[in-house]
Amino acid sequence: MASIDYDVVKRASSGYPKPATFHPSYGTAGFRTNADVLASTVFRCGLLAAARALLLGQHTGIMITASHNPVEDNGVKMVEPDGGMLPQAFEPIATELANCTLDAEVASVLRDRVMAANAVALTVLVGHDTRPSAPALVAAALAGVRALGVHTHLCGCVTTPQLHFLVHLANNPRSSSTATATAPATGPAGSSAASGSSSSSSSSTAAAADVVYVDCANGVGAAQLQPLVPALAGVGITLALRNTGSGAAAGLLNSKCGADYVQKERLPPSDFADVPAGARCCSVDGDADRLVYFSPAGSSTSGSSGSSSMGLWDGDKVAMLAAVFIRDLMSKLPAELLEGVCCVQTAYANGASTAYLRDVLKLPVVCTPTGVKYLHEAAHGADLGVYFESNGHGTVLFSTKLRERLTAAAGSHPAAAELLLLSRLINQTVGDAISGLLLVELILRRKGWSLAQWQALYMDLPSRQLKLKVADRGSITTADAERVCVTPAGLQEAINAIVAKVPQGRAFARPSGTEDAVRVYAEATTQEAADGLAREVARVVYDMAGGVGPRP
């Protein structure tokens, strides 16, 4: 390919000037903020995505979404050729590029910090969610890509996991014989729905027709779930989609609905008042990469630290369900077939779930800092890695070598064939609410379990999450997977003193990676104790880290 014309880059950059007071930083969520100031950042991500494609000789991707954030926000995430996230080593470069003040600086950073010789004709795939700000930001991304002479392919309105999967598929066209980029709704989930659902129905002891009420967060998940409705109806599962973003709900993305709302507020979403008590319900977030289950109160079901109005089965519960199913299959296989299974959690994982994995299932547990990039990396290093954050974001990863061994053993070991199907059912590139929903429904039907039986695996310790603002959240630094505050000096000692007074208490504080806030988590033996512990820790953080606004 001809050398890059950096004068073209500068001219294109002049159409997307950076707001003087805007200083973006690339993190776990990519870049995310109010959509009105984001155009320059998205343009430069277009440059970076095109440069990565040229450097690596493979297709890359850009997803325009702010996930569970309010509708006025938007964001941009980079997708690597394997369908994964931007390498952590490139995050500072993305931040430097996004913060350039002059067009000449943009070209200079691109030339000196990003580019190298030798490239072939490649494509950057671009997707977006349902936000009204998407068209303008997509145009900025396309302009950045085209400024380097790289082709673009607009995937349209897709979920974030679908965009990740489509990038992976573009670079590995033989990895799936059934999924196609022209039918993203049948991506990793749909390509195996028939095989997964049919094997579940053959041995299910569940009711002949199960109804699952799905809160679609008035987001992109509604349109992408719709093709699965008739497919699952054929095996006795009725998906009742709600909060689909149509009619009066148009523009109400993540407004009192979605996985983040349900998990954080522990309240049923809007448009669920008429759902019967005890019904099986789940909620996805705005870009459909998070999944939690819940049930209106009034039956024997009660989920993770459930409120009086509903029971909640969060990401910890989904991880435990997957781990139980995988452990069942492992017990039927030769030990040498699986070289290592790893369950990955963050400090937010309920302590009872960690104890269940360690003491009951006898599976190794690794704790990482908060952020899917850390969990994914740890799980990717195992033969079989299970990770779900409590917010519902996660997946189950199978190594290439394990899939090869399972393929070889499938003929003589039915459990190996089931694990192989599981690897096809659940998204191998990133957390995916749609494939996660299929995973949960498959396991519940295979085991013939109700929500109450799922909940009975273990009982969560009551917990509480709070957030507060401080003058500079960067003044709080942490260690030990964010469970210990290093600075300000004396803060961790103060937290320890508060925790020591609470039976089975645990608490930590950490700077948020997605918003200008400090997050506090606490758990204890009663909800009252957990609430009080979280409040006391928030107060000491406020006092010692320069709290802003009302004291908690």
Side-chain angles (χ1 to χ4, degrees), residues 27-29 68 260-267 292 304-307 312 314-316 345-355 365 367-371 374-375 389-393 458-552:
T28 298
H68 57 278
D260 190 67
Y261 173 83
V262 171
Q263 191 256 340
K264 294 279 195 316
E265 300 299 327
R266 301 180 185 181
L267 293 171
V292 298
S304 306
S305 303
S307 70
L312 174 67
D314 61 9
D316 290 343
Q345 297 185 316
T346 71
Y348 284 107
N350 194 278
S353 71
T354 306
V365 182
C367 187
T368 73
T370 302
Y374 300 110
L375 289 103
E389 295 181 283
S390 58
N391 62 23
H393 192 293
Y458 68 91
M459 185 62 68
D460 271 320
L461 288 168
S463 63
R464 177 64 62 200
Q465 293 188 47
L466 299 176
K467 65 180 179 181
L468 66 151
K469 286 200 170 186
V470 298
D472 177 14
R473 76 181 192 273
S475 67
I476 298 178
T477 59
T478 62
D480 190 21
E482 300 181 311
R483 292 176 289 190
V484 174
C485 290
V486 177
T487 60
L491 176 57
Q492 186 58 48
E493 288 74 13
I495 293 174
N496 291 345
I498 296 170
V499 171
K501 301 174 184 177
V502 180
Q504 288 186 249
R506 183 173 74 92
F508 63 88
R510 55 174 287 273
S512 172
T514 58
E515 58 182 309
D516 187 16
V518 175
R519 300 188 184 277
V520 171
Y521 175 89
E523 63 185 31
T525 54
T526 68
Q527 190 62 56
E528 182 181 7
D531 292 346
L533 179 56
R535 186 169 54 252
E536 290 303 312
V537 170
R539 286 171 177 171
V540 77
V541 171
Y542 182 96
D543 294 341
M544 299 184 68
V548 174
R551 187 171 185 263

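Owing to the predicted nature of the structure, the values given are computational and were not obtained by experimental measurement. The figures here come from the full heavy-atom set of this structure, side chains too, leaving out hydrogens, waters and symmetry mates.
- Evaluation of the salt bridge (Lys or Arg N to Asp or Glu O under 4.0 Å) rule for E515 yields K467, R519 as partners, not counting sequence neighbours.
- Looking at Q527 and R464, their side chains come closer than 4.5 Å, going by heavy atoms from C-beta outward.
- Residue F508 comes nearest to A347 through the heavy atom pair CE2-O, 3.3 Å, listed as atom of the first residue, atom of the second, then distance.
- Contact record, V292 with N391: CG1-O, 3.9 Å, taken as the closest heavy-atom pair.
- In this structure, L466 and A538 approach most closely via the heavy-atom pair CD1-CB, 4.2 Å.
- Looking at T370 and E482, their side chains do bring a donor and an acceptor atom within 3.5 Å of each other.
- Side-chain contact between Q345 and C367: absent, with no pair of heavy atoms (C-beta onward) separated by less than 4.5 Å.
- Panel note: side chain T346, backbone Y348; a donor-acceptor pair is recorded below 3.5 Å.
- Considering all non-hydrogen atoms of both residues, V486 and T478 come closest at CG2-C, 3.9 Å.
- Annotation for K469: atom NZ does not count as buried by contact number, only 12 or fewer foreign heavy atoms lying within 6.0 Å.
- Here CG of L468 is found 12.5 Å from CZ of R473. Values are rounded to the nearest 0.5 Å.
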side-chain contact (heavy atoms from CB on, under 4.5 Å) evaluation trace for H68 with H393:
CA-CA 12 Å; H68 57 278; H393 192 293; over 6 Å; no
Would R510 and I476 count as a side-chain contact (heavy atoms from CB on, under 4.5 Å) here? Give the steps.
CA-CA 7 Å; R510 55 174 287 273; I476 298 178; over 6 Å; no
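- Atom-to-atom distance recorded for D314:CG and D460:CG is 6.0 Å, nearest 0.5 angstrom.
- A donor-acceptor distance shorter than 3.5 angstrom exists from the side chain of Y542 to the backbone of G549, with no hydrogens or angles considered.
- For the salt bridge (Lys or Arg N to Asp or Glu O under 4.0 Å) test, residues two or more places apart in sequence or in another chain that qualify with E523 are R506.
- A pairwise comparison of heavy atoms in A529 and A524 identifies CB-CB, 3.7 Å as the closest pair.
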Dump the intermediate steps for side-chain contact (heavy atoms from CB on, under 4.5 Å) on N350 and S390, then the final yes or no.
CA-CA 8 Å; N350 194 278; S390 58; over 6 Å; no
In sequence, state the C-alpha distance, the side-chain angles, and the governing distance for L533 and I498, and then conclude on side-chain contact (heavy atoms from CB on, under 4.5 Å).
CA-CA 7 Å; L533 179 56; I498 296 170; 3.6 Å; yes
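- No hydrogens or angles considered: nothing links the side chains of R266 and Y261 as a donor-acceptor pair under 3.5 Å.
- Pairing each heavy atom of V540 with each of A494, the nearest pair is CG2-CB, 3.6 Å.
- A donor-acceptor pair under 3.5 Å links the side-chain atoms of T487 to the main chain of S475, judged by distance alone.
- I495 contributes atom CD1, which lies 14.0 Å from atom CZ of R483 (distance to the nearest 0.5 angstrom).
- Using a 4.5 Å cut-off on side-chain heavy atoms (C-beta onward), L375 and E389 make contact.
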